[in-house]
Amino acid sequence: MEERNESRRPQFDEVPEGFADSAVWLDGELIRGEDAKVSLMTFTLHYGLGAFEGIRAYEGPKGSAIFRLREHIERLYASSRMVLMEVPYDVDEVVSACVEVLRANELKSGYLRPLTFVDDGKRGLGAANNRVRVGIAAWAWGAYLGEENLVRGIRASVSSWTRMSARSFLPKGKLCGQYVNSILAKREAQQAGYDEAILLDEQGFVSEASGENVFIVKDGRLVTPPRSSPILEGLTRDSIIQLAKHLGIPVEENTFTRGQLYNADEVFFTGTAAEVTPVREIDGRPIGTGSRGPTTERLQALYFDVVRGKEPAFAEWLTPYEV
Ligand code: PPE
């Protein structure tokens with residue numbers, strides 16, 4: 001994790017400076033952030049029907065590249081389709097637009113936030129044909145759960161909120177309104193002095209954190225909830241599964257309980273924003289030695305090498321670009 005230049009990454013909760021002057025892509029055009037105005041009666045603003053993505057670009061020794069860009073955009077389309085929103089652009093157009101936005105903002109690394117949303121038009125829940133719009137913003141963003149916590153690990157708590165059920169919602173979609181569930185859990189955890197919340201599903205199994213997937217390490221094996229659990233199928237989760245296999249670490253996609261979480265040798269979170277963040281304590285119980293474990297450290301180091309283009313075996317995950 002040398003030469004990461006993390007000290008230059010702004011804190012995650014800072015409002016990016018100069019956003020009004022930044023370039024954003026809205027419905028096919030690059031415009032200034034300030035000019036990207038939407039109606040107060042935007043359907044998505046009222047009802048939460050919309051989808052978004054979080055994508056990171058990293059700068060490495062060979063230049064800048066976006067991590068798993070196309071797959072993120074494909075997930076944006078899948079999320080949108082699940083709620084009958086038809087995005088009026090090709091995947092390729094939105095993929096190119098993401099590159100354009102980073103270039104226009106001269107960002108050698110950063111976070112991209114594409115959003116599909118339903119415009120003002122007909123009013124009421126039954127409005128089914130309002131225009132679907134697409135916006136893409138980008139800004140420099142630091143470690144989601146704190147730079148120092150990438151090494152030290154965070155403190156998490158098991159939430160009193162249950163992860164939304166697949167009977168009522170679409171946990172596989174990265175849908176705007178569904179994040180109320182995550183925000184309730186996150187705020188509860190923060191109010192109690194923790195960094196992050198872990199949600200159980202309706203059956204009492206561990207599902208995921210408010211904005212990350214969860215892994216445990218026990219006796220040298222990695223375990224993460226299966227795709228059939230009410231989790232977002234994180235691209236970082238998938239990357240870590242593949243990287244673990246590459247390192248010869250056995251991986252099991254299986255349900256596990258709160259007790260297994262407490263008794264794990266190591267716990268870590270994965271997400272575009274959170275990257276690979278160790279969890280050092282859950283509900284006042286130290287996990288393993290109470291600091292970043294060796295398996296977490298190995299996977300984290302490989303992940304940071306991969307996203308920075310230092311690992312040729314995974315070069316197909318990168319979309320290089322020049323600023
Ligand atoms: N689960 C949830 C609920 C989730 O929001 C994310 C990403 C993940 C898992 C991990 O998915 P992936 O990024 O594909 O590995 N959360 C995004 C938004 C965070 C935010 O605060 O906004 C992210 O990491 O960008």
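We count ligands from 1, going down the list as the structure has it; atoms in each ligand are counted the same way.
- For Y111, the ring-ring contact (aromatic ring centres under 6.0 Å, His included) partners two or more places apart in sequence, or in a different chain, are W139, W141.
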Between ligand 1 and the protein, tabulate every N or O atom pair separated by less than 3.5 Å, reporting distance only.
from, atom 1, to, atom 2, distance (Å)
ligand 1, 1 (N), E208, OE1, 2.6
ligand 1, 5 (O), K174, NZ, 3.2
ligand 1, 5 (O), Y179, OH, 2.5
ligand 1, 13 (O), T272, N, 2.9
ligand 1, 13 (O), T272, OG1, 2.6
ligand 1, 14 (O), R75, NH1, 2.9
ligand 1, 14 (O), R75, NH2, 3.0
ligand 1, 14 (O), L235, N, 2.7
ligand 1, 15 (O), L235, N, 3.3
ligand 1, 15 (O), T236, N, 2.9
ligand 1, 15 (O), T236, OG1, 2.5
ligand 1, 16 (N), K174, NZ, 3.1
ligand 1, 16 (N), G211, O, 3.3
ligand 1, 21 (O), Y144, OH, 2.4
ligand 1, 22 (O), R113, NH2, 3.0
ligand 1, 24 (O), T272, N, 3.4
ligand 1, 24 (O), A273, N, 2.9
ligand 1, 25 (O), Y111, OH, 2.5

Sequence neighbours excluded and cut-off under 3.5 Å, please list the side-chain donor-acceptor pairs for residues 96-106, or say none.
from, atom 1, to, atom 2, distance (Å)
S96, OG, D92, O, 2.9
R103, NH1, E322, O, 2.8
N105, OD1, A23, N, 2.7
N105, ND2, A23, O, 2.9
N105, ND2, V101, O, 2.8

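- Side-chain contact check for S229 and S207: no donor-acceptor pair (N or O, by modelled atom type) lies under 3.5 Å.
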Begin with the C-alpha distance, continue with both residues' side-chain angles, and end with the deciding distance and a verdict on side chain to side chain contact (heavy atoms under 4.5 Å, CB included) for V83 and L170. CA-CA 9 Å; V83 292; L170 291 161; 3.9 Å; yes
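- In this structure, R308 fails the cation-pi test against Y58, since its NZ or CZ atom is not both closer than 6.0 Å to the six-membered ring centre and inside 45 degrees of the ring normal.
- Checked against salt bridge (Lys or Arg N to Asp or Glu O under 4.0 Å), K218 has the following partners two or more places apart in sequence or in another chain: D265.
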